[in-house]
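Each ligand, and each atom within it, is numbered from 1 in the order the structure gives. All residue numbers in this chain count up from 1 along the given sequence. Note that the structure is predicted; figures quoted are calculated from it, not measured.
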Amino acid sequence: MVEVHLERLRKEYEGVTALEDVSLHVDDGEFFTLVGPSGCGKTTTLRAIAGFETPTSGGVRFGDREMTGVPPNERDVGIVFQNYALFPHMTVAENVGYGLRFRDPPGARTDEERIAELLDLVDLAGFGDRDPDELSGGQRQRVALARALAPGPELLLLDEPMSALDARLRKRLRTQVRRIQSDLGITTVYVTHDQEEALAVSDRVAVMHDGRIEQTGEPETVYRNPDSRFVAEFLGENNVFDARVRAVETKGSTVEVGDREFVVPDAGGTVGDRVTFCVRPETLRLDGGENRFEAHVETVEFLGEAFRVHLDWDGRPVTLRAADEPDDDRVRVGFDSSDAHVVETASDGREQVQ
Ligand code: ADP
Ligand code: MG
């Protein structure tokens, strides 16, 4: 298997900068996910790793091998795209065996043995003689995965492989993909715009925005400690508050939002600085918490396992999750200081607090 290094990748098309500056490192055997909204540069990054795009500047290395100028078919990479892209005139087995025309299967196996092994791996044993149009969307994507893996590549690249499938199937398939990846120990770069999927399957995620990586880390770390407002709002739901530092103490900083004062940890800065902090809906509480305010209930959604309550706090939208529906349209809401997370501190004391 292989480590992947991207160093300061930049990609410009005529009039469009697809990648501003992308550096990352994927470990041997790691499941690494690029996640971000449409147009942020995920596919371009993946295509640069595969060799389909030549970066305007910057480098791609596999281990200590410099890959710039190496054509895609010499990169030892298996790829799965969003649209199934199976060969329609070939059977399932012929599709899976396609890459074996150019390369012998790993180990001392025949092509037939390798195809059977891969179909078994993706839970499609016995489907070899079918035509692609006899399969469901999820089955086709498993064939595409088997085809990508058949020659035994050292790196697997997946570009939104589930986005054409319905939600239930997506969840099942992502678990299967993760299991297969772990069993094989193959280094994998996965692309998705679906933040929940990214958090669920990855060893590490890189959150992309406008051709840059905003933050890289383990899913839990990035979810709990976003480095920026963008990451805080993109991964899961969040309440983001703009505040002003009123006092700096060892237990944390006292900050002002509207006419309320809250204590938040790790704000840094000095009195008068602007601070942006966030509080997850699941850590906001009705009638509880150290930092409190009153808000108006706008709408309540039943989610099955909880209620999502949309509040208006003097013109600020606030969302919380609650086990029970509030019984009044005016509620007291609170959060503990340790559940507030500061994403930005800026020292331009002249601006007015909103
Ligand atoms: P994502 O996969 O995250 O949706 P892409 O990597 O496909 O994003 O695209 C990043 C940006 O680069 C977008 O603004 C897109 O329109 C632009 N782009 C991608 N490919 C091309 C191309 N061949 N020519 C011009 N612009 C492109
Ligand atoms: Mg894309």
Undergrad: Run the side chain to side chain contact (heavy atoms under 4.5 Å, CB included) test against His5 and tell me which residues pass, sequence neighbours left out.
TA: Glu3, Glu7, His25, Arg61

Undergrad: Yes or no, since that's all I need: does a protein heavy atom fall within a distance strictly under 4.0 Å of atom 24 (N) of ligand 1?
TA: yes

Undergrad: Is any NZ, NE, NH1 or NH2 atom of the basic residue among Asp123 and Arg179 found under 4.0 Å from an Asp or Glu carboxylate oxygen of the other?
TA: yes

Undergrad: Just to check, does Ser38 reach to within less than 4.0 Å of ligand 1 when the distance is taken from its heavy atoms?
TA: yes

Undergrad: Would you call the rings of Phe234 and Phe230 parallel, tilted or perpendicular, where under 30° means parallel and over 60° means perpendicular?
TA: parallel

Undergrad: Which residue owns the protein heavy atom closest to atom 6 (O) of ligand 1, what's the atom, and how far is it?
TA: Thr44 OG1, 2.5 Å

Undergrad: Taking 4.0 angstrom as the limit, do Arg178 and Asp183 come out as a salt bridge?
TA: no

Undergrad: Look at atom 15 (C) of ligand 1 and say whether a protein heavy atom is found at less than 4.0 angstrom from it.
TA: no

Undergrad: Give the residue, atom name and distance (to 0.1 Å) of the protein heavy atom nearest atom 4 (O) of ligand 1.
TA: Gly39 N, 2.7 Å

Undergrad: Apart from Val343 itself, what residues make up its hydrophobic cluster, given side-chain heavy atom links below 4.5 Å?
TA: none

Undergrad: Output the distance between atom CG (Leu6) and atom CD1 (Ile213), rounded to the nearest 0.5 Å.
TA: 7.5 Å

Undergrad: So, are Arg103 and Asp76 salt-bridged, with charged N and O less than 4.0 Å apart?
TA: yes

Undergrad: With the threshold set at 4.0 Å, does a side-chain nitrogen-carboxylate oxygen contact exist between Glu256 and Arg260?
TA: no

Undergrad: Nearest protein heavy-atom contact for atom 8 (O) of ligand 1: which residue, which atom, what distance?
TA: Gly41 N, 3.2 Å

Undergrad: If you leave out waters, which protein N, O or S atoms are less than 2.8 Å from the Mg ion (ligand 2)?
TA: Thr43 OG1

Undergrad: Looking only at protein heavy atoms, identify the closest one to atom 12 (O) of ligand 1 and say how far it is in Å.
TA: Ala18 CB, 3.1 Å

Undergrad: Strictly below 4.0 Å, N to O, side chains only: are Glu282 and Arg308 in salt-bridge contact?
TA: no

Undergrad: Report the nearest protein non-hydrogen atom to atom 26 (N) of ligand 1: residue, atom name, distance rounded to 0.1 Å.
TA: Tyr13 CD1, 3.4 Å

Undergrad: I'd like to check whether Thr43 has a polar contact with ligand 1, where a contact means an N/O of the residue lying under 3.5 Å from an N/O of the ligand.
TA: yes

Undergrad: Return a yes/no value for Cys40: is any of its N or O atoms, backbone included, closer than 3.5 angstrom to an N or O of ligand 1?
TA: yes

Undergrad: Taking both backbone and side-chain atoms of Val16, is any N or O found less than 3.5 Å from an N or O belonging to ligand 1?
TA: no

Undergrad: Not counting sequence neighbours, list each pair that qualifies as a ring-ring contact (aromatic ring centres under 6.0 Å, His included) and has a residue in residues 56-75.
TA: none

Undergrad: Tell me which one of Lys11, Arg212, Arg8 satisfies salt bridge (charged side-chain N to carboxylate O under 4.0 Å, His left out) with Glu20.
TA: Arg212

